[in-house]
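No experiment lies behind these values; they were computed from the predicted model shown. Read the numbers this way: they start at 1 and go in the same order the structure lists the ligands and their atoms.
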Amino acid sequence: MQLDLDFIRRQFPSFEVPSLQGKSFFENAGGSYTCSQVQDRLFRFYRERKVQPYAPYEASRLGGEEMDEARMRLAAMLGVETDELSFGPSTTQNTYVLSQAVAQWLEPGQSIIVTNQDHEANSGPWRRLAERGIIVKEWCINPETGLLDIQDLKSLLGNDVRMVCFPHCSNVVAAVNPVAEITALVRAAGAYSCVDGVSYAPHGFPNVDSLGADIYLFSAYKTYGPHQGIMVIRRELGMSLPNQGHYFNSDSLYKRFTPAGPDHAQVAACAGMADYVDEVYAHHFDAEAAPAERCAQVHDLFRAHEVLLAQPILDYLLAKNSAQLIGPTSAQDRAPTIAVKLQIPGEEAAKKLAPFGVMAGGGDFYAVRPLQAMNISPEHGVLRLSFVHYTGPKDVDRLLSALDHVL
Ligand SMILES: Cc1ncc(COP(=O)(O)O)c(C=O)c1O
């Protein structure tokens, strides 16, 4: 089964917008286009339900139901219970709140493990726990390859370790880490895992239950949705960590780590991501299937399409002496978030690509630690070419011919 690209692109109004014609979008790791299913729900909420939800009048009842629907359907897709999923303003804020809870839960002398492959969102808030007497151990990448080695994690794990924070996939290295293997090791050592899925989830929503993560985070504005952070916390850990919300809501798992009042409209609009996955599934497959199974099939469709498109870009960059490709050379082993170090700063390269209709970004992408670990100065930065399943062969052709002019 192949992805029907025309069908896919019809789901994204941005492809119809006159100002975006003749352009190819290669900064998807910064934020994706939004599917029409999400836009329609957001518009409907603002127009018809912009009232305090959960009150006993029709507009409010419907608004509350749409918010609940979003949580229920996304949780089902991800293979977790409805109340194990919550919405916060962003992943950075979600990890910040979690780190405050973990700080209250740990005792001085206990340890956590962080990596230097993570985006700062899943790194800085955890590292700051050192100021409160927590021992923070660093699982370091190989400076040549940017990869994490599981043997190194094994030597860091011990009775003192309570939490291990790591990325499903880094936003500059892009290697897909073996999450299920890592979480099994972490659990066997008596610790919990916190996985940053922000750079992975746009390439197909994962089954969080199969991954074995105790916490799994991603950002809906990169998965075709509105600007929300989505956080899964499995019940056992979530009910053990100190509540960070209002005291009278402490029995509601999904309210325990989201102290800000929810953005009603955006939460409700998140159900549009589930609509989108279901519509993609229905267009490509006949068989009835449960939400997590539909999601898995769509994940594999996206992934196969992306792998096919990514390899020529990787091969092209590998053949250029002026470009240092970051991360795995095989598309199978990585997300199509392709960072390259060039002789010119990353931002300058991105600027040069723009007149050729290539929308890309350059800089450090808040992945300051991984870049520094690979001896790349954040000021010089990298050019990042990131795409998702709605990208087509014509976009890749445009990119490669633009790169011919710029590299
Ligand atoms: C890998 C990764 N983690 C975390 C974040 C932070 O997400 P948010 O913008 O939702 O705080 C980003 C944002 O770019 C990211 O790429």
Ranked by distance from atom 1 (C) of ligand 1, the top protein heavy atom is Ser199 OG, 3.4 Å
message = Taking Arg41 first and then Glu69, would you say they form a salt bridge - that is, a charged N and a carboxylate O separated by under 4.0 Å?
response = yes
### Message
Looking at Asp149 and Lys154, is there a salt bridge between them, counting it only when a charged N and a carboxylate O are closer than 4.0 Å?
### Response
no
Closest heavy-atom approach to atom 4 (C) of ligand 1 among Ile230, Asp196, Asn94 is made by Asp196
Taking only non-hydrogen atoms of Ala121 and a 4.0 Å limit, the atoms of ligand 1 in range are 4 (C), 6 (C)
So for Tyr366 against ligand 1, with non-hydrogen atoms under 4.0 Å, the contacting part is neither
Within the 4.0 Å heavy-atom cut-off, what Ser219 brings close to ligand 1 is side chain
With heavy atoms and a 4.0 Å threshold, my read on which part of Thr92 contacts ligand 1 is both
From the list Phe12, Phe25, Tyr224, Tyr276, ring pair (Phe, Tyr, Trp, His ring centres under 6.0 Å) with Tyr33 holds only for Phe25
Among Glu120, Lys222, Gln117, closest by heavy atom to atom 13 (C) of ligand 1 is Lys222
When rounded to the nearest 0.5 Å, the distance separating CG of Leu241 from CE of Met163 is 6.0 Å
for atom 15 (C) of ligand 1, nearest protein heavy atom and its distance come out as His119 CD2, 3.2 Å
| field | salt bridge (Lys or Arg N to Asp or Glu O under 4.0 Å) evaluation trace for Arg256 with Asp251 | value | CA-CA 8 Å; Arg256 287 172 67 87; Asp251 288 344; 5.9 Å; no
All heavy atoms of Gly357 vs all of Arg398, minimum pair found to be O-CD, 3.7 Å
Inset, instruction - Using distance alone, decide if ligand 1 has a nitrogen or oxygen within less than 3.5 Å of any nitrogen or oxygen in Gln93. - result: no
Checklist entry - Is Arg9 salt-bridged to Asp395, going by a charged N under 4.0 Å from an acidic O? => result yes
Ligand 1 atoms nearer than 4.0 angstrom to some heavy atom of Asn171 are 1 (C), 16 (O)
| Is it true that Arg294 and Asp278 make a salt bridge, defined as a side-chain N closer than 4.0 Å to a carboxylate O? | yes
Among non-hydrogen protein atoms, atom 9 (O) of ligand 1 lies closest to Tyr221 OH, 2.4 Å
TODO: May I ask whether Pro167 places a heavy atom under 4.0 Å from ligand 1?
DONE: no
